[in-house]
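Each remark here refers to the structure printed beneath this line.
Model, not experiment: these values are computed from the prediction.
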Amino acid sequence: MLFIDASVIVAIIGLEDDADDLMNRLTPHDGPFYVSAVTRMEAVLSLTRQFAEVEGPNKPATPAMLDKARRLVDQFIADMAARETMISGDVGSKALDAAQRYGKIVNHPARLNMGDCFAYACAQAYRLRIAYNGDDFTETDLAW
């Protein structure tokens, strides 16, 4: 059982250098996989920003770019048969706890941002490991 962080979704959809490796790391788990509304939004916005950067530096994103990113993320989540976790008040409190323990704000080596803190909180609340790209979550107790 894995919570999929937005960084994994963006890397796989965006065909980043480690996309195949990340997909290969997900495959043996057979699920169930989980995401949250925050993860979905973070992935869509990151992909939209990538689409805009292709058009040139400082180019604004268009509604069509956001729509494309949204469709791609929704399809990825559907293909993985990922379930959506609830963002309850308890998860919100756990996200604040994660920021206090592992956040950029306290200069922890994990340097979790807001989306990362919510991913951590969802994984903690639902007793899941976190599938991530990069090294931020390696500094926490929920890494895969």
Side-chain angles (χ1 to χ4, degrees), residues 1-99 101-105 108-140 142-144:
M1 296 187 346
L2 283 173
F3 185 92
I4 302 175
D5 181 58
S7 61
V8 170
I9 298 170
V10 171
I12 291 171
I13 293 173
L15 299 176
E16 293 178 10
D17 292 341
D18 52 357
D20 288 338
D21 179 52
L22 289 167
M23 200 63 211
N24 290 336
R25 288 180 69 192
L26 286 176
T27 303
H29 289 279
D30 290 328
F33 298 107
Y34 296 85
V35 296
S36 73
V38 174
T39 301
R40 182 187 305 262
M41 182 167 185
E42 187 177 13
V44 169
L45 294 179
S46 292
L47 285 168
T48 302
R49 189 170 37 255
Q50 286 180 9
F51 297 156
E53 288 172 2
V54 168
E55 297 296 317
N58 301 318
K59 292 287 184 179
T62 65
M65 290 174 188
L66 195 131
D67 185 55
K68 178 182 176 183
R70 188 175 188 171
R71 282 185 280 113
L72 289 169
V73 170
D74 287 347
Q75 188 62 57
F76 176 86
I77 291 169
D79 290 348
M80 297 300 293
R83 303 172 187 172
E84 192 162 309
T85 61
M86 296 291 293
I87 302 288
S88 64
D90 179 59
V91 170
S93 290
K94 286 179 184 338
L96 284 170
D97 292 344
R101 185 171 178 193
Y102 299 115
K104 281 183 184 181
I105 193 96
H108 186 276
R111 301 190 47 77
L112 300 187
N113 63 27
M114 187 185 89
D116 296 335
C117 288
F118 271 98
Y120 180 92
C122 287
Q124 186 182 48
Y126 292 92
R127 298 182 180 149
L128 308 167
R129 306 294 286 169
I130 301 174
Y132 58 92
N133 187 25
D135 58 4
D136 42 7
F137 287 106
T138 58
E139 299 290 336
T140 74
L142 295 179
W144 64 336

Partners meeting side chain to side chain contact (heavy atoms under 4.5 Å, CB included) with K59 (sequence neighbours left out)
E55
Over all atoms of both residues, closest heavy-atom pair of [X] and [Y]:
X	Y	answer
I9	T39	CD1-CG2, 3.9 Å
G115	V38	CA-CG1, 4.2 Å
A43	A6	N-CB, 3.8 Å
T48	M65	OG1-O, 3.9 Å
I77	V35	CD1-CG2, 4.0 Å
A19	A11	CB-O, 3.4 Å

Are any of the side-chain heavy atoms of Y132 and T138 separated by less than 4.5 Å?
yes
Does a side-chain heavy-atom distance below 4.5 Å link D97 with Q124?
no
Could you give the distance from [atom1] ([X]) to [atom2] ([Y]), rounded to the nearest 0.5 Å?
X	Y	atom1	atom2	result
R40	F76	CZ	CZ	11.5 Å
E16	N133	CD	CG	6.0 Å
E42	S36	CD	OG	8.5 Å
F137	D116	CZ	CG	4.0 Å
L72	I13	CG	CD1	5.5 Å
R70	L45	CZ	CG	10.5 Å

Determine, stepwise, if the pair M114 / K104 fulfils side-chain contact (heavy atoms from CB on, under 4.5 Å).
CA-CA 9 Å; M114 187 185 89; K104 281 183 184 181; over 6 Å; no
Run the numbers on D5 and S7 for side-chain hydrogen bond (donor to acceptor under 3.5 Å, both in side chains), then give the verdict.
CA-CA 5 Å; D5 181 58; S7 61; 2.6 Å; yes
Look at the side chain of N24 and the backbone N and O of D20, then say whether any donor-acceptor pair between them is shorter than 3.5 Å.
yes
Taking [atom1] in [X] as the centre, count heavy atoms belonging to other residues, nucleotides or ligands within less than 6.0 Å. Is the count above 12?
X	atom1	value
D79	CG	yes
D135	CG	no
M1	CE	yes

Give the C-alpha distance, both sets of side-chain angles, the deciding distance and a yes or no for side-chain contact (heavy atoms from CB on, under 4.5 Å) between M86 and Y126.
CA-CA 10 Å; M86 296 291 293; Y126 292 92; 3.5 Å; yes
Are the ring centres of Y120 and Y102 closer than 6.0 Å?
yes
Passes side-chain contact (heavy atoms from CB on, under 4.5 Å), I87 versus C122? Steps please.
CA-CA 7 Å; I87 302 288; C122 287; 3.5 Å; yes
